[in-house]
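Report on one structure; see the data block that follows.
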Amino acid sequence: MSTHAEPTGPTGSTGPTGSTGPTETTEPPSALLARAVVTALLAHGVRDVVVAPGSRNAPLSFAVHDAATAGLLRLHTRVDERSAAFLALGLTRAGARAAVVCTSGTAVANLHPAVLEAAHSGQPLVVVTADRPARLRGTDANQTTDQVGIFGALVATHDLAGPDDVPVLDDPWGPVHLDVQLDDPLLPAAPWRPGVVPGERPARVRPAGVDRIPLGPRTVVVAGDDAGPPARQLAERAGWPLLAEPSSGSRTGTHALRCYRLLLDTDLARSVERVVVVGHPTLSRPVMRLLGRDGVEVWATPGRGAWPARPYRVDRPLGGGRFELVDPAGDPAADPPAEVAAEPVRTPWLEAWLEADRAVARRLDALVAAEPGLTAYAVAGAVVRATPPGGLLVVGPSNPVRDLDLMQTGFGVGARRFVVANRGLAGIDGMVSTAIGAALGRPHSTRAIALLGDVTFLHDSNGLVLGPDEPRPDLTLVVVNDDGGSIFATLEQGAPEHADRFERLFGTPHGVDLAALCAATRTPHWRVESMPELEQALASPAGGIEVVEVRVPRQDRREVDARIRGLAAD
Ligand SMILES: Cc1ncc(C[n+]2csc(CCOP(=O)(O)OP(=O)(O)O)c2C)c(N)n1
Ligand SMILES: C=C(O[C@H]1C=C[C@H](C(=O)CCC(=O)O)[C@@H](C(=O)O)[C@@H]1O)C(=O)O
Ligand SMILES: [Mg+2]
């Protein structure tokens, strides 16, 4: 589906956003349209714009530069559109509102991975693509393809032929695509002095309504990606165990379990009667098995992204606004309003889980400590310790996010680390740029660290290609280098019977010299081989963007993972 306004042809009129600038007679229509677009971006909270160079988008690039010169936004440039879009996504995830601008043709298609991630994780990324004028569509004019609806049914395209077509950018829950028809002449006659009063990013308002949740059944709360504080508050007010993923925004306080994934094959887990699901849980098959288990009631809020329906049976859909506890008789439980920070409730059910969690965590720490040399689990633990309260932690998919899930010990409420992960589609693409964007978008972070796998890092090594004038954050990229994709070793394809094909198809050893790769972009690089070296590197950031490479083995991953999974099984 695309929002396809009938081309009205170039118009010189000022757009609905009241863009101002040189008179109609002096500026070409392309400049006026570009300025109307940038005016709309500013009016709806965009303060960071990532431009990938091109000729067709020159009117937009000039208008963005003029707005940056006026101090109205921050300009970034990136040569790789895929990295550019993930940089904008990282900025957006961290609370800034960002747009990415590129030229026509294959450049637009390179934005797609980040646009899809934004769609499935509900992020208001703004995508502005330059296009040829409609009269050239369907011809073999240079660099001309069908850009209207290019991101598929999930992301509507606004087809802009003139300033009057510029839409209101007020959706806080997903990406928006503006495809801008730009005709020659493409260069403005004179610089633009934007007479724009910047507006605010559209607020993500919680749904209205109250979800009345009766106490009674043996319940656990599952907090997936982007669940936010309500999941924690519910667990604490009800006295229920909290199974919160690292990027849930809920993994603080006294009820969050560290090793919940290891406890799901125990009698305790088998006695669960109800699960309340908030956010987008993706890390663990045992959690998915719990949600699909006969005899377990699932109460769930809608998912955040473009497909909010859950892949498992939901017995009681929740709105996700406010939770109110009611006692089994249906009367309001002694439950202070969510806004009032109540003393967390302790129940025997919770205590049993907390005791089991402490026991298995002790066994996990002992197992990891007994491993010869550094392990990916120990690296994740060191990264957690190096991220202070108020810090930013960006974590890649595959094993790093799962290692963090196992090793992240409890943080106090209010002392949480802001954890960013692209869990909409769990892609390994764009993670270097996402991390740089998140660090730039959250300048008040006390520290910014990213924990990535080596294949993930290589997949977006272009993210390190920054020009000399680009804004750069202080960011430590910790790369767990096991020379390939180790997660596959823990899955079915890692079984011995597939060993003859595993390395070529899944392990994908690459042997890349990360120091040389970093040297190519003059990115400071440390290679560490031991925990003291790692802790030293983490304790002494060089400033700017730096890479700390930690070499760990991959061949034993399946065996160690199996021992870990067996730590708690009854
Ligand atoms: C864009 C994309 N391509 C491929 C995959 C499939 N995939 C998931 S994990 C993984 C390997 C990741 O390796 P690495 O980053 O080194 O992490 P490790 O598994 O070694 O911890 C791949 C290829 C994906 N999720 N996204
Ligand atoms: C490798 C990909 O993603 C897979 C990674 C891990 C998931 C998994 O099973 C983790 C182990 C567990 O939860 O016990 C797997 C899954 O969700 O089934 C993912 O597909 C990939 O190709 O993207
Ligand atoms: Mg790896």
Side-chain angles (χ1 to χ4, degrees), residues 121 222-227 242-251 256-265 269 279-291 357 360-361 363-365 367-368 371 374-384 387 393-410 417 419-428 431 434-435 449-457 459 478-482 484-494 506-507 550 552-554 556-569:
S121 53
V222 167
D225 182 56
D226 203 13
L242 175 59
L243 287 58
E245 298 185 348
S247 64
S248 60
S250 318
R251 191 159 169 160
L257 302 173
R258 170 181 164 190
C259 298
Y260 66 88
R261 276 199 286 137
L262 305 181
L263 294 171
L264 292 175
D265 187 17
H280 183 201
T282 58
L283 293 189
S284 153
R285 287 181 188 173
V287 166
M288 290 301 131
R289 283 194 291 270
L290 172 65
L291 292 171
D357 190 42
V360 73
R363 292 199 288 272
L364 173 59
D365 289 336
L367 182 153
V368 170
E371 286 300 299
L374 263 185
T375 65
Y377 309 97
V379 174
V383 165
V384 170
T387 309
L393 178 51
V394 180
V395 60
S398 201
N399 277 332
V401 68
R402 291 172 172 89
D403 297 343
L404 182 66
D405 191 39
L406 282 178
M407 302 306 288
Q408 182 179 329
T409 51
R417 285 61 174 170
V419 181
V420 169
N422 285 341
R423 297 309 303 169
L425 288 174
I428 65 169
M431 285 308 303
T434 299
I449 299 178
L451 177 64
L452 306 177
D454 54 300
V455 176
T456 299
F457 173 73
H459 205 284
V478 177
V479 180
V480 182
N481 187 358
D482 49 20
S486 63
I487 194 158
F488 298 110
T490 67
L491 304 178
E492 295 83 344
Q493 57 265 59
F506 303 101
V550 195
V552 298
R554 176 162 58 86
D556 63 353
R557 185 79 201 219
R558 184 180 182 83
E559 185 272 331
V560 176
D561 189 71
R563 276 191 284 132
I564 288 175
R565 289 170 189 267
L567 283 176

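Residue numbers count from 1 along this sequence. The figures here come from the full heavy-atom set of this structure, side chains too, leaving out hydrogens, waters and symmetry mates.
Applying side chain to side chain contact (heavy atoms under 4.5 Å, CB included) to S247 and the options D225, V420, N422 leaves one that passes, D225. Remark: of the listed residues E559, R563, R558, R565, R565 is the sole one forming a side chain to side chain contact (heavy atoms under 4.5 Å, CB included) with D561.
Residues forming a ring pair (Phe, Tyr, Trp, His ring centres under 6.0 Å) with F506 (at least two apart in sequence, or on another chain): F488, F502.
Across all non-hydrogen atoms, the minimal contact from P281 to M288 is O-CE, 3.3 Å. Taking all atoms of both residues into account, the shortest heavy-atom contact from G484 to D482 is O-OD1, 2.7 Å. Considering every non-hydrogen atom in both D265 and A269, the closest pair reads N-CB, 4.5 Å. Counting all heavy atoms, side chain and backbone alike, D405 lies closest to A244 at OD1-O, 3.9 Å. The two atoms that bring Y260 and D357 nearest to each other are N-OD1, 4.2 Å, heavy atoms only. Shown here for A376 and V480, the closest heavy-atom pair between the two residues is CB-CG1, 3.9 Å.
Side-chain contact between V379 and D403 is absent, with no heavy-atom pair separated by less than 4.5 Å. Between T456 and P397 there is a side-chain heavy-atom pair separated by less than 4.5 Å. Using a 4.5 Å heavy-atom cutoff, the side chains of L264 and R289 are not in contact. Between L452 and H459 the shortest side-chain heavy-atom distance does not fall below 4.5 Å. No side-chain heavy atom of T375 sits under 4.5 Å from any side-chain heavy atom of V560. At a threshold of 4.5 Å between non-hydrogen side-chain atoms, the residues N399 and Y377 do not count as touching. Two residues are said to be in side-chain contact when any heavy atoms from C-beta on lie closer than 4.5 Å; D556 and E371 meet this criterion. Considering only heavy atoms from C-beta on, L364 comes within 4.5 Å of M407 through its side chain.
Looking only at distances, a side-chain donor or acceptor of R363 sits under 3.5 Å from a matching main-chain atom of L567. Listed for the R251 side chain is a donor-acceptor partner under 3.5 Å among the backbone atoms of Q408. Formation of a donor-acceptor pair under 3.5 Å by the D226 side chain with backbone atoms of G279 is not found in this model. Proximity of a side-chain donor or acceptor of R258 to a complementary backbone N or O of T409 within less than 3.5 Å is not detected. The main-chain N or O of R402 is found under 3.5 Å from a side-chain atom of R261 such that the two form a donor-acceptor pair. In this structure, the side chain of R417 does not engage the main chain of L393 through any donor-acceptor pair within 3.5 Å.
Between S398 atom OG and L283 atom CG the span is 11.0 Å, to the nearest 0.5 Å. Here OG of S486 is found 10.5 Å from CG of N481. Values are rounded to the nearest 0.5 Å. Rounding to the nearest 0.5 Å gives a distance of 7.0 Å between CG of L242 and OG of S248.
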Inset, instruction - Given side-chain hydrogen bond (donor to acceptor under 3.5 Å, both in side chains), test R423 with T282 step by step and report yes or no. - result: CA-CA 7 Å; R423 297 309 303 169; T282 58; 2.9 Å; yes
Inset, instruction - Show the numbers, then the answer: is there a side chain to side chain contact (heavy atoms under 4.5 Å, CB included) between V383 and L404? - result: CA-CA 9 Å; V383 165; L404 182 66; 5.5 Å; no
